[in-house]
Novice: 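Here it is: the structure, laid out below.
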2 protein chains.
Amino acid sequence: MKNNVTMRDIADKLGVSSVTVSKALNDKEGVGEELKLKIKALAEQMGYRYNAMAKSMKEGLSYNIGVIIPERFAGTEQSSFYLNVYKSITKILENKGYYGILNILSHSDEKQLNLPRIYNENKVDGFIILGQISKAYIQKIQEIDIPKVFLDFYDEHADIDSITTDNFYAAYELTNYLFRNGHQEIAYVGNLYSTSSIQDRFLGYYKSLLEHGRLLKQEFIINDRDEEGTYIDIKLPETLPTAFVCNCDQVAHNLVQKLNKAGYKVPEDCSVVGFDNDLYATITDPALTTVEVDIEQMATNSVNFILEKLKDKNKTFGRVLVKGKIIYRNSVQKL
Amino acid sequence: MKNNVTMRDIADKLGVSSVTVSKALNDKEGVGEELKLKIKALAEQMGYRYNAMAKSMKEGLSYNIGVIIPERFAGTEQSSFYLNVYKSITKILENKGYYGILNILSHSDEKQLNLPRIYNENKVDGFIILGQISKAYIQKIQEIDIPKVFLDFYDEHADIDSITTDNFYAAYELTNYLFRNGHQEIAYVGNLYSTSSIQDRFLGYYKSLLEHGRLLKQEFIINDRDEEGTYIDIKLPETLPTAFVCNCDQVAHNLVQKLNKAGYKVPEDCSVVGFDNDLYATITDPALTTVEVDIEQMATNSVNFILEKLKDKNKTFGRVLVKGKIIYRNSVQKL
DNA sequence: CTGAAAGCGCTTACAG
DNA sequence: CTGAAAGCGCTTACAG
């Protein structure tokens, strides 16, 4: 790109030094007001574009943040949630003069503990890891020396800063709501060993059970996916509960279809609640009572945290919870 | 980042020059095999990470490609399609040593013709513009001097390279399929002035009508969205056609709901076909016969084109069409 | 207020 | 095979 106009070109035309041009264009002290205006005008006229790379080079800062999403969460249909979060992150970063580079972490790279190339090439100043990664990979990530934040999951053994929805409390409140509506036999749908979110939602559900003096029945913990996270056929328990707490809307949607096929109507025969308030919540018939995740707040926090950590390496935030919001719709029947 | 290890650090430890280290690490000619191995081993041991910025600085190439998505297409729910395309682009770019930086073009920046900051800061070597932008913005984009490719839309007045699904032909084939199934009264749902895709799909539908000796009825062209692209309430024509060709699955989904509410069953009373084969195609009851867009192929083309143009400024590709694939499901009744 | 010098970490082109 | 020099386009710190 030899044909690009640089500060020096402007300087030469005006018979000043490039230092002065730099100061003028950056509105820094040490340039006469008149000269500054002249420089800016000429820059405009010459079609000057700032070269962020040169600054980066000097500072050793790329002004890029890497956003890592494990492949399985950026898959086909389900992808929208994390990609949407990424989109929010990008917008917020841009307002702060940073850019988000998306990195899909492939299954094989995750297994072989290969760090992303954006790290190996010094392309980013920090990482936002969006979506649960393997224990081993968490450890690998922890060893690297640039700021990082976990988003939408955490690891109890790692003291990386994390931002998650308050899954525990939201599921607790949602289950309480079912009790308030007269339900006593309540099942949970989700693989307890899949992600911290699903586990915490389960524990919130369980806390509500405990507080209402109900016993936890094994047959009321219903698996929904295999170890890879692929959805499996949901098995209805022999005796139907009066309500199901599902770990996410998509699974709730599948459950409703399953129930319909088995001849049960929702919510007349059986209530169902979900989590996420995504597309599946509204396309399900009836529309699902669910928990809305505050994507904007989560994205904002993750960006703020990473930028703070960039400024101060020792800054930590710990495990930060973002409140969810229950959305009441028509999938719950008052008994 | 003073604590980063550089090629010079490695060179000093080994008593060689940084030029030699550079050659060794890049597997270039001009280093003894033995020395090369020694250098590589030491680099590994010292935790050396390549600084891509320095190379970029030297070459004037960022190895970043900007992917611009207009805000209205990256909105809330509908977002998944373009974000998914972006995801594919990112993955393909990464395999070629490039990175994709997402840029959501806001309404106001589009109106005020503000070029993205990634352009003004020389952060990217080229642009993939994903989703129709205003005429004025197209012109603005055309004036800039770096390679760009339009993805999923084109402009008849601009000679920028573009990649789109073969909307015209796919809609033509889809409508032919309806005729083959005995339909004669076929309506089209979509705003003809909204995007080139919707318009071309309409024209494909019309071509099929012409070939089957049918007249185009104005009341069978049904609007689905306003100028901003927001969906409006669909008005059913006074006399119902036997089939509807919808410009996208989401609108087809809305239409089916509308028909159901009006007491019509699909496909018994009326057939409906969509376009895109997205989530809405399968959640609609009955599942929609539709056209699958080849995201992977479109993403691959856009990346290949932009990289070719990076190598050779004068290379052009013109308007490239990617074949769609009709997916047959249960929303069409044989008459 | 203005600018000469040095440096960020590489690579290219050339000389030995 | 090996390396000294110059340069990519800025900015910082210092001197005038």
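Quantities reported herein were computed from a predicted structural model and do not represent experimental measurements.
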Novice: Tell me every residue that passes salt bridge (Lys or Arg N to Asp or Glu O under 4.0 Å) with B:Asp152, counting only those two or more places apart in sequence or in another chain.
Specialist: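 B:Asp152: no salt bridge (Lys or Arg N to Asp or Glu O under 4.0 Å) contacts found.
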
Novice: Just the dot-bracket of DNA chain D, please: which string comes out with Watson-Crick or G-U pairs under 3.5 Å, [ ] for crossing, | for another strand?
Specialist: |||.||||||||.|||

Novice: Taking atom CD of A:Gln142 as the centre, does the number of heavy atoms from other residues, nucleotides or ligands within less than 6.0 Å exceed 12?
Specialist: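 For A:Gln142, atom CD is crowded (more than 12 foreign heavy atoms under 6.0 Å).
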
Novice: Counting only side-chain heavy atoms from C-beta out, which of C:dT2, D:dA13, D:dG3 sits nearest to B:Thr20?
Specialist: D:dG3

Novice: Around atom CD of A:Glu44, are there more than 12 heavy atoms from other residues, nucleotides or ligands closer than 6.0 Å?
Specialist: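 Not more than 12 within 6.0 Å, no.
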
Novice: Before accepting this row, confirm whether a basic side-chain N of the pair A:Arg117/A:Asp109 lies closer than 4.0 Å to the acidic partner's carboxylate O.
Specialist: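 No salt bridge links A:Arg117 with A:Asp109.
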
Novice: Excluding sequence neighbours, so at least two apart, what forms side chain to side chain contact (heavy atoms under 4.5 Å, CB included) with A:Lys13?
Specialist: A:Leu42, A:Met46

Novice: Residues of residues 40-48 of chain A with any non-hydrogen atom less than 4.0 angstrom from an atom of DNA chain C: list those, numerically ordered, please.
Specialist: none

Novice: Taking only the side-chain heavy atoms of A:Lys58 (C-beta and beyond), determine which of C:dA13, C:dG7, D:dT2 contains the nearest atom.
Specialist: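 Nearest to the side chain of A:Lys58 among the choices is C:dG7.
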
Novice: Find every protein N or O atom lying less than 3.5 Å from an N or O atom of nucleotides 14-16 of chain C, and list the pairs.
Specialist:
none

Novice: Evaluate A:Asp155 against A:Arg319 for salt bridge (charged side-chain N to carboxylate O under 4.0 Å, His left out), listing each step before the verdict.
Specialist: CA-CA 9 Å; A:Asp155 183 80; A:Arg319 209 157 72 75; over 6 Å; no

Novice: Measure from the side chain of B:Asn26, starting at C-beta and using heavy atoms only, and say which of C:dG9, C:dT11, D:dT11 lies closest.
Specialist: C:dT11

Novice: Compare the minimum distances between each of C:dA4, D:dT2, C:dT11 and the side chain of B:Leu35, then state the nucleotide with the smallest one.
Specialist: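 My answer, after comparing the listed nucleotides, is D:dT2.
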
Novice: When you get a sec, tell me which of D:dT2, D:dC10, C:dG9 is the closest nucleotide to the side chain of B:Asn51?
Specialist: C:dG9

Novice: Does atom CG of B:Asn120 have more than 12 heavy-atom neighbours from other groups under 6.0 Å away?
Specialist: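 Yes - once you tally the heavy atoms of other residues, nucleotides and ligands closer than 6.0 Å, there are more than 12.
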
Novice: Taking the inter-plane angle between the rings of B:Tyr86 and A:Tyr86 on a 0 to 90° scale, is it parallel (under 30°), tilted (30 to 60°) or perpendicular (over 60°)?
Specialist: parallel

Novice: Taking side-chain hydrogen bond (donor to acceptor under 3.5 Å, both in side chains) as the cut-off, I'd like each qualifying pair that reaches into residues 31-40 of chain B, sequence neighbours left out, listed once.
Specialist: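 Residue pairs passing side-chain hydrogen bond (donor to acceptor under 3.5 Å, both in side chains), neighbours aside: B:Asp27-B:Lys36, B:Asp27-B:Lys40.
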
Novice: With distance as the sole test, does A:Gln132 use its side chain to make a donor-acceptor pair with the main-chain N or O of A:Ser196 at under 3.5 Å?
Specialist: yes

Novice: Looking at B:Lys111, I want to see if its NZ is surrounded by more than 12 non-hydrogen atoms of other residues, nucleotides or ligands under 6.0 Å.
Specialist: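 Result for NZ/B:Lys111: open.
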
